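One structure below.
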Amino acid sequence: MTSQATSQKSALLIIDVQQSFEHMPYWPSGHASPFQQALLKLEAGCRQADVPVVHIFHIDNDGPFRADSGLIRPMDWLPGQPAARFDKHVHNAFTDTGLDVWLRRRGVQRLIISGIRTEQCCETTARVGSDLGYAVDFVSEATLTFPMTHKGSGQTFSAQAITTRTELVLADRFARIVTVDTCLSSL
């Protein structure tokens with residue numbers, strides 16, 4: 001199901017923008033700056049339009065993502081209190097979290113997807129959200145990923161190449177690919 005610019009009630013999902021990532025070996029200092037600016041603009045615009053902001057955090061048994069790590073909290077630059085917080089243990093924000101029930105009770109029909117990692121938790125949440133019947137706006141510039149090396153071929157894919165691939169497979173199937181400005185203008 002794809003999203004059209006409509007007056008559907010929306011919710012902004014900020015996925016895994018948590019301090020855990022800052023302690024991963026692939027997190028270079030200063031890496032998040034354009035992503036950070038885009039996400040802050042999106043978040044501020046959604047709050048101004050009375051769109052609920054929902055924080056999703058990932059918890060598993062991997063070092064900085066462990067519940068007892070003390071790092072399952074928003075990155076320091078992420079402002080304000082969310083309308084709700086959900087903790088997940090898999091790649092999508094719906095499985096065993098209560099998010100779907102929370103959204104439906106509030107009449108939310110459109111999801112605005114942002115966060116970390118573009119091709120993992122953000123893409124997977126977009127796909128599951130679409131399958132559950134939500135219209136999905138995927139705001140690529142407000143997502144972040146990192147270069148990855150294919151174990152079989154040794155080929156390294158840039159963060160931009162991974163984002164482009166995610167846009168390709170989501171567009172017109174699972175989501176509407178939008179910029180921050182396009183997303184905010186359709187609220």
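Everything numeric in this text was worked out from a predicted model, so none of it was measured. Side chains are part of it too, since the values below use all heavy atoms of this structure and drop only hydrogens, waters and symmetry mates.
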Decide yes or no for [X] and [Y]: does some side-chain heavy atom of the first lie under 4.5 Å from some side-chain heavy atom of the second?
| X | Y | answer |
| --- | --- | --- |
| Val136 | Phe174 | no |
| Leu187 | Ile112 | yes |
| Thr166 | Phe138 | yes |
| Ser114 | Ile14 | yes |
| Gln8 | Asp137 | no |
| Pro52 | Trp102 | yes |

Do [X] and [Y] have side-chain N/O donor and acceptor atoms under 3.5 Å apart?
| X | Y | answer |
| --- | --- | --- |
| Thr124 | Gln120 | no |
| Thr182 | Arg176 | no |
| Thr118 | Thr143 | yes |
| Gln160 | Ser158 | no |

Please determine whether side-chain contact (heavy atoms from CB on, under 4.5 Å) holds for the pair Phe146 and Ile116, giving the CA-CA distance in whole Å, both sets of side-chain angles, and the decisive distance to 0.1 Å.
CA-CA 9 Å; Phe146 313 96; Ile116 304 174; 4.1 Å; yes
Only one of Leu12, Leu184, Asp181, Val178 passes side chain to side chain contact (heavy atoms under 4.5 Å, CB included) with Val139; say which it is.
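Between Val139 and the candidates, side chain to side chain contact (heavy atoms under 4.5 Å, CB included) is satisfied uniquely by Val178.
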So which atom in [X] and which in [Y] form the shortest heavy-atom distance, rounded to 0.1 Å?
| X | Y | answer |
| --- | --- | --- |
| Ile15 | Cys121 | CG2-CB, 3.8 Å |
| Met148 | Glu119 | SD-OE2, 3.4 Å |
| Leu111 | Gly129 | CD1-CA, 4.0 Å |
| Thr156 | Pro147 | CG2-CB, 4.3 Å |
| Ala38 | Val180 | O-CG2, 3.6 Å |
| Ile59 | Arg66 | CG2-C, 4.4 Å |

Between Phe21 and Tyr26, how do the two ring planes meet: parallel, tilted or perpendicular, split at 30° and 60°?
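Tilted, since the angle between the ring planes falls between 30° and 60°.
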To the nearest 0.5 Å, how far apart are [atom1] in [X] and [atom2] in [Y]?
| X | Y | atom1 | atom2 | answer |
| --- | --- | --- | --- | --- |
| Arg110 | Lys9 | CZ | NZ | 12.5 Å |
| Ser130 | Arg127 | OG | CZ | 9.5 Å |
| Asp60 | His91 | CG | NE2 | 8.5 Å |
| Phe86 | Leu103 | CZ | CG | 7.0 Å |

hydrophobic_cluster_shared for [Y] and [X], side chain cutoff 4.5 Å:
| X | Y | value |
| --- | --- | --- |
| Ile177 | Val128 | yes |
| Phe157 | Phe35 | no |
| Ile72 | Met24 | no |
| Trp27 | Leu71 | no |

Please answer whether the main-chain N or O of [Y] pairs with a side-chain N or O of [X] as donor and acceptor at a distance below 3.5 Å.
| X | Y | answer |
| --- | --- | --- |
| Arg106 | Ser10 | no |
| Ser186 | Cys183 | yes |
| Glu43 | Val53 | no |
| Gln19 | Pro74 | yes |

Is it true that atom CG of Asp96 has more than 12 heavy atoms of other residues, nucleotides or ligands lying nearer than 6.0 Å?
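At most 12 heavy atoms, drawn from other residues, nucleotides or ligands, come within 6.0 Å of this atom.
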Start with the C-alpha distance between Leu99 and Leu13, add both sets of side-chain angles, then the distance that settles side-chain contact (heavy atoms from CB on, under 4.5 Å), and finish with yes or no.
CA-CA 10 Å; Leu99 175 62; Leu13 303 185; 4.1 Å; yes
Report the C-alpha distance between Glu22 and Asp76 in whole Å, list the side-chain angles of each, state the deciding distance to 0.1 Å, and finish with yes or no for side-chain contact (heavy atoms from CB on, under 4.5 Å).
CA-CA 11 Å; Glu22 296 169 329; Asp76 289 337; 5.7 Å; no
For the ring pair Phe57 and Phe65, is the centre-to-centre distance below 6.0 Å?
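Not close enough - the centres of the two rings lie 6.0 Å or further apart.
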Checking side chain to side chain donor-acceptor pair (under 3.5 Å) against Asp16, which of His58, His55, Lys88 comes through?
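Considering His58, His55, Lys88, a side chain to side chain donor-acceptor pair (under 3.5 Å) with Asp16 is found only for Lys88.
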Any chance you could lay out the side-chain contact (heavy atoms from CB on, under 4.5 Å) test for Arg104 and Tyr134, step after step, and finish with the verdict?
CA-CA 10 Å; Arg104 292 189 191 282; Tyr134 294 97; 3.3 Å; yes
